[in-house]
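Heavy atoms only: backbone and side chains are in, while hydrogens, waters and symmetry mates are out. Bear in mind the structure is a predicted one, so any value in this text is a computation, not a measurement.
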Amino acid sequence: MKTTPSMSWRAGDDLASRPWRGRVRDYDLFKEVTVGFVVVSLLTVGIVALLGSPDERSVTFSSWATSQPLDFATTATAELAGTSDSAGYGPPYNNTPDATQTLGPLDLQSMSGVRLPIDTANDFVIAPLKTLPVVPRAVATWSAASPTAQSRWTDAYAKALAADKGSALPPARAAYGPVPALITSLTAMARSGGLDGALAGHGFYNLDFTRAILFLGDGTYFQNLAAGQHLTGDQWGVMNETGNYPGQSWLWLFSFFYQVEPFASAPNADLLVVLIMGVLTLLLALIPFIPGLRTIPRWIPLHRLIWRDHYRSQTPPVDAHTSSGAAPSPEHVAPTREHAPVEVGRP
């Protein structure tokens, strides 16, 4: 009787427990790993030296303030005035009224509360300027002024920036108060690279880029870079990647809803898409328990078409002597286990 060799670890007279009688040669695993590491490292360094890094250059405040100083100044003024997108975002950054996305009584954004409080005027402008070796006197003037005076100064300077068509900042005037001096100092700090570090947290490892990303996102410079890389919401940006890297194709359904109405123009599009994807994910997880859905593969057996080679190998061949319904002759009867021929010799 033919038996299939067992690959069990238990000792016995089977294939796994028999001693190896073939050829044996020495194999230095440590040497193999070392050579492989050295070869791969040399190839990596050589390719990088020849072609450079495939990664896009990091977006910094230095590049922003240098290439588009007017946009940087306009955004910094909006941060001072509290009129930027970040200043009116709502939870988890502030308590701006009616800033959240809702669906009837459902308000997921407010459920988190203000967990990362951000005051754009202080966190994005005043606090970074206070880290300079010589703090500008305009900081003290601004801090001592009333909210009414601060609002009057920023409104006047914002109008001057909007009317400016060049790259130079508007000259200082009495109507602008200390705002021009603050923006000029912040621009110089950004160009030197100091603003990136001042907004990146205060711990030993400065890895909290929340404030820096919010500040960058309030201007048009960062948004234009994203649009150029097809990363915005109306460009299937959720499933795209910078440079020539392949994107996250598995997010196509999540990104799809942002391309069609009524989601594309809905003020609560994010909330609607999250809820729809949550329902679809729940349905996918519960398919084995939902009558009707779980029998779709039986009604539409696409899986048999995809794995047709497997199912073809599982189908027993039709014998010519039995296809007509006649009884098979003895020579075509498959031997039973009791009458199966015994294979002699080692497997």
Side-chain angles (χ1 to χ4, degrees), residues 1-10 14-16 90-92 100-113 115 226 229-242 244-328 332-338 340 347:
M1 180 177 62
K2 181 179 179 180
T3 58
T4 302
S6 172
M7 295 301 296
S8 172
W9 57 269
R10 296 180 178 84
D14 51 24
L15 183 62
T100 60
Q101 297 186 21
T102 61
L103 183 63
L106 183 62
D107 187 358
L108 297 180
Q109 187 174 344
S110 296
M111 289 181 182
S112 65
R115 308 181 66 86
Q229 296 281 355
H230 303 284
L231 299 176
T232 59
D234 57 351
Q235 297 174 315
W236 299 80
V238 175
M239 56 177 294
N240 290 335
E241 188 57 86
T242 58
N244 293 323
Y245 283 105
Q248 297 81 345
S249 57
W250 57 89
L251 294 176
W252 72 270
L253 184 59
F254 191 94
S255 183
F256 167 76
F257 293 104
Y258 288 95
Q259 319 306 317
V260 297
E261 297 293 348
F263 307 101
S265 59
N268 59 344
D270 295 331
L271 179 59
L272 293 176
V273 173
V274 167
L275 292 177
I276 290 176
M277 291 302 299
V279 171
L280 293 178
T281 302
L282 187 62
L283 288 176
L284 180 62
L286 296 178
I287 279 181
F289 308 100
I290 301 178
L293 285 180
R294 63 188 180 188
T295 55
I296 288 179
R298 297 179 182 176
W299 300 336
I300 310 175
L302 292 178
H303 61 286
R304 287 185 170 272
L305 178 62
I306 297 173
W307 289 290
R308 54 187 177 276
D309 292 339
H310 167 74
Y311 284 102
R312 188 182 298 116
S313 64
Q314 300 301 311
T315 304
V318 180
D319 190 88
H321 294 272
T322 61
S323 59
S324 60
H332 290 93
V333 176
T336 62
R337 189 173 186 85
E338 289 77 9

Problem set entry | Listed partners of Thr232 passing side-chain hydrogen bond (donor to acceptor under 3.5 Å, both in side chains), at least two apart | Asp234, Gln235
Exercise. Does Gln109 reach the main-chain N or O of Thr100 with its side chain, forming a donor-acceptor pair under 3.5 Å?
Worked result: no
Problem set entry | For the student: nearest non-hydrogen atoms of Ser112 and Pro91, plus distance | OG-CB, 4.3 Å
Exercise. Given Val279, which of Leu282, Leu275, Leu283, Ile276 fulfils the side-chain contact (heavy atoms from CB on, under 4.5 Å) condition?
Worked result: Leu283
Exercise. Among all residues two or more places apart in sequence or in another chain, which pass the side-chain hydrogen bond (donor to acceptor under 3.5 Å, both in side chains) test with Thr102?
Worked result: none
Exercise. Is any side-chain heavy atom of Ile296 closer than 4.5 Å to a side-chain heavy atom of Leu293?
Worked result: yes
Problem set entry | ring-ring contact (aromatic ring centres under 6.0 Å, His included) partners of residues 262-290, not counting sequence neighbours, each pair once | Phe257-Phe263
For this session: Give every residue pair that meets the side-chain hydrogen bond (donor to acceptor under 3.5 Å, both in side chains) criterion with at least one member in residues 269-295, sequence neighbours excluded.
Result: Gln101-Asp270, Tyr258-Asp270
Seminar exercise, completed: Shortest non-hydrogen pair, Gly237 vs Ser255, comes out as N-OG, 4.3 Å
For this session: Any chance you could lay out the side chain to side chain contact (heavy atoms under 4.5 Å, CB included) test for Leu280 and Leu253, step after step, and finish with the verdict?
Result: CA-CA 10 Å; Leu280 293 178; Leu253 184 59; 3.9 Å; yes
Problem set entry | Partner residues of Ser265 under the side-chain contact (heavy atoms from CB on, under 4.5 Å) criterion, sequence neighbours left out | Glu261
For this session: Dump the intermediate steps for side chain to side chain contact (heavy atoms under 4.5 Å, CB included) on His230 and Trp236, then the final yes or no.
Result: CA-CA 7 Å; His230 303 284; Trp236 299 80; over 6 Å; no
For this session: State the OH-CD1 distance between Tyr311 and Ile306, to the nearest 0.5 angstrom.
Result: 10.0 Å
Exercise. How many angstroms lie between atom CE of Met277 and atom CG of Leu272, to the nearest 0.5 angstrom?
Worked result: 13.5 Å
Problem set entry | Residues which pass side-chain contact (heavy atoms from CB on, under 4.5 Å) with Pro301, listed by chain and number, not counting sequence neighbours | His303, Arg304
